[in-house]
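Worksheet: the structure to be examined is printed underneath.
Just so you know, residue 1 is the first one in the sequence shown, and it goes up from there.
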Amino acid sequence: MATPRITVVMLAYGPEPYLVDAARAVLASTDITVELIVVDNGCTGDGIDAVKNLPGVRVLSPEHNTGYSGGGAVGAAEATGDWLAFVNSDAIVAPDALAKTTAVAAEDGVGAAMASIRLADRPELINTAGNPLHFAGLSWAGGNGEPATAHAHRRSVPSLSGCCFVIDRRLWRELDGFAPEYFAYHEDTELSLRLRQRGLRLEYVPDAVVRHHYEFSRNALKLYLVERNRLVTLFTAYQARTLVVLAPALLLTEAAMLTNALTDGWARHKIRGWRWLWQHRGWLRSRRRQLQAERLVPDGVIAELMTGRLPPTDITAPGLGIYNVLAGGYWTLAKPLLKRH
């Protein structure tokens, strides 16, 4: 078989202390032909100058910060490989990780494959082995902090992690990839849903190891984008009947999120997200038409992969236990209704 030709897209913004190490690890990949495209979204450290001099690297510099989704689209548009891999600038791929992930992505019925993302300082522990997906659009790092031995088997996952995954470039182009309007966060969840709606599987590859210098933050901009983009995905990717069936639980989720925002002091950012949705309602309608036209699988099938409970180990919020009882109970009743369609 011919050696796979892979274009890796990597985004750089801010200090980026691990950028050079991440780039060198990609270039040291075995059993593939690799080119690395680094999108400089405003890197302030010395790393961007260092990677410019590495053979096999192209650096693209948009006129402004395009975010993860916009930067991913910019980099992918310049790709020459048959496969696209997205690798975080703080993620160190093992030499064989991209080849193993690509081999799985190439199998019939697979839409994309993701690596086994480990915590960089404790690689025997998982950062994510595939992201769970709550019916209200919430997603999180699956298996974070758990032993890698507990996730040693390949499996299909509800949602990919954008930290390191591989997709056929032709399929990416057919889907038109990430929407730049997302800017950052949740674009991997939307892409995962769209692949599932095509009837394609998302696979976790346990022996494709990536060490991730993971740092969870709850800054106001992240909370704004995560919540705004969660709603973008719901309004555009879900079928109308699904939104009607889930309406009471989705309203409950909005009330819970607003309560959390008020308690934690980011309510104005939550309201800012609602304002953005209203101001961009024309784009939302257009995006919805696109996503609904491309789907081949109804939501009732995909619902089997979703959950109605949020993990207290990953998400801390007042009243989470009550929310899980109410939302989880509603989801138990709603799933059969979705399957009937």
Ile271 and its side chain to side chain contact (heavy atoms under 4.5 Å, CB included) partner, picked from Arg268, His269, Arg275: Arg275

Backbone N/O of Ser61 and side chain of Asp40: donor-acceptor pair under 3.5 Å: no

Modelled atom types, side-chain donor and acceptor of Glu254 and Trp274, under 3.5 Å: yes

Between NZ on residue Lys335 and CG on residue Leu246, distance to nearest 0.5 Å: 12.0 Å

Results of ring-ring contact (aromatic ring centres under 6.0 Å, His included) for Tyr224 - residues two or more places apart only: none

Flag side-chain contact, heavy atom, 4.5 Å: Val74 against Glu78: no

Heavy-atom side-chain proximity of Glu203 to Val157 below 4.5 angstrom: no

Can you give me every donor-acceptor pair (side chain of residues 8-27, partner residue at least two apart or in another chain, under 3.5 Å) with its distance?
| unit_1 | atom_1 | unit_2 | atom_2 | d |
| --- | --- | --- | --- | --- |
| Glu16 | OE1 | Ser89 | OG | 2.7 |
| Glu16 | OE2 | Tyr13 | N | 2.8 |
| Glu16 | OE2 | Ser89 | OG | 3.0 |

Side chain Glu187, main chain Tyr185, donor-acceptor under 3.5 Å: yes

Neighbour count above 12 (heavy atom, 6.0 Å) for Arg155 CZ: yes

Flag side-chain contact, heavy atom, 4.5 Å: Ser156 against Arg196: yes

Smallest separation among heavy atoms of Pro132 and Pro158, with atom names: CA-CG, 4.3 Å

Nearest-0.5 Å distance, CG of residue Asn88 to CD1 of residue Ile117: 8.0 Å

Side chain Thr242, main chain Tyr238, donor-acceptor under 3.5 Å: no

Atom pair OG1 (Thr102) and CD (Glu107), whose distance is rounded to the nearest 0.5 Å: 11.5 Å

Trp278 six-ring face occupied by Arg281 cation (under 6.0 Å, within 45°): yes

pair Ile126-Asn144: side-chain heavy atoms closer than 4.5 Å: no

Taking every non-hydrogen atom, the tightest pair across Gly71 and Asn41: CA-ND2, 4.3 Å

Side-chain donor or acceptor of Arg228 paired with backbone N/O of Tyr182 under 3.5 Å: yes

Pairwise ring-ring contact (aromatic ring centres under 6.0 Å, His included) hits with a residue in residues 81-105, at least two apart: Phe86-Phe165, Phe86-Trp172, Phe86-Phe178

Heavy atoms from other residues, nucleotides or ligands near CG of Asp46 exceed 12 (cutoff 6.0 Å): no

Which atom of Ala267 lies closest to which atom of Leu262, heavy atoms considered: CB-CD2, 3.5 Å

With Leu326 via side-chain contact (heavy atoms from CB on, under 4.5 Å) - residues at least two apart: Leu252, Ile322

Side-chain donor/acceptor of Ser69 to backbone N/O of Phe183, under 3.5 Å: yes

Same apolar cluster: Met114 and Ile302, side chain cutoff 4.5 Å: no

By side-chain contact (heavy atoms from CB on, under 4.5 Å) - contacts of Ala120 (at least two apart): Arg211, His213

Counterpart residues, side-chain hydrogen bond (donor to acceptor under 3.5 Å, both in side chains), relative to Thr253 (two or more places apart): Tyr323

Where at least one partner belongs to residues 287-296, residue pairs that pass side-chain hydrogen bond (donor to acceptor under 3.5 Å, both in side chains), sequence neighbours excluded: Glu190-Arg287, Arg194-Glu294, Arg287-Gln290, Gln292-Arg295, Arg295-Asp299

Sequence neighbours excluded, every pair satisfying side-chain hydrogen bond (donor to acceptor under 3.5 Å, both in side chains) that has a member inside residues 27-37: Thr7-Glu35, Glu35-Arg58, Glu35-Thr80

ring-ring contact (aromatic ring centres under 6.0 Å, His included) partners of His212, counting only residues at least two apart: Tyr214

Main-chain N/O of Arg170 paired to Asp168 side chain as donor or acceptor, under 3.5 Å: yes

Arg198 with Glu174: basic N within carboxylate O range, under 4.0 Å: yes

Non-neighbouring partners of Trp331 that pass ring-ring contact (aromatic ring centres under 6.0 Å, His included), sequence neighbours left out: Phe135

Full working for side chain to side chain contact (heavy atoms under 4.5 Å, CB included) between His280 and Glu181: CA-CA 10 Å; His280 293 80; Glu181 287 81 0; 5.6 Å; no

Leu36 side chain near Val38 side chain, heavy-atom distance below 4.5 Å: yes

Val93 side chain reached by Thr101 side chain, heavy atoms, under 4.5 Å: no

Audit row: Leu193, Leu291, side chain to side chain contact (heavy atoms under 4.5 Å, CB included) steps and yes/no: CA-CA 10 Å; Leu193 274 171; Leu291 269 56; over 6 Å; no

Intermediate values then yes/no, side chain to side chain contact (heavy atoms under 4.5 Å, CB included), Ile167 and Leu160: CA-CA 11 Å; Ile167 186 171; Leu160 299 164; over 6 Å; no

Any side-chain donor near an acceptor of the partner, Thr263 and Asn260, under 3.5 Å: no

Leu138 vs Val226, side chain to side chain contact (heavy atoms under 4.5 Å, CB included): CA-CA, chis, key distance, verdict: CA-CA 9 Å; Leu138 295 154; Val226 166; 5.8 Å; no

Connected-component partners of Val104 among ILVMFWY, side-chain separation under 4.5 Å: Val205

Check: Gly282 main-chain N/O paired with Ser286 side-chain donor or acceptor under 3.5 Å: no

Connected via hydrophobic side-chain network under 4.5 Å: Leu337 and Leu234: yes

Worked check of salt bridge (Lys or Arg N to Asp or Glu O under 4.0 Å) between Asp82 and Arg169: CA-CA 6 Å; Asp82 299 316; Arg169 186 164 68 98; 5.3 Å; no

Contact check, side chains of Leu133 and Thr307, non-hydrogen atoms, under 4.5 Å: no

Path from Val297 to Leu338 over hydrophobic side-chain contacts below 4.5 Å: yes

Thr332 (side chain) donor-acceptor with Gly328 (main chain) under 3.5 angstrom: yes

Donor-acceptor pair, side chain of Tyr68 and main chain of His186, under 3.5 angstrom: no

Residues which pass salt bridge (Lys or Arg N to Asp or Glu O under 4.0 Å) with Glu146, listed by chain and number, not counting sequence neighbours: none

Student check: side-chain heavy atoms of Pro298 and Gln239 closer than 4.5 Å: yes

Within one Ile-Leu-Val-Met-Phe-Trp-Tyr cluster: Val245 and Leu333, side-chain cutoff 4.5 Å: no

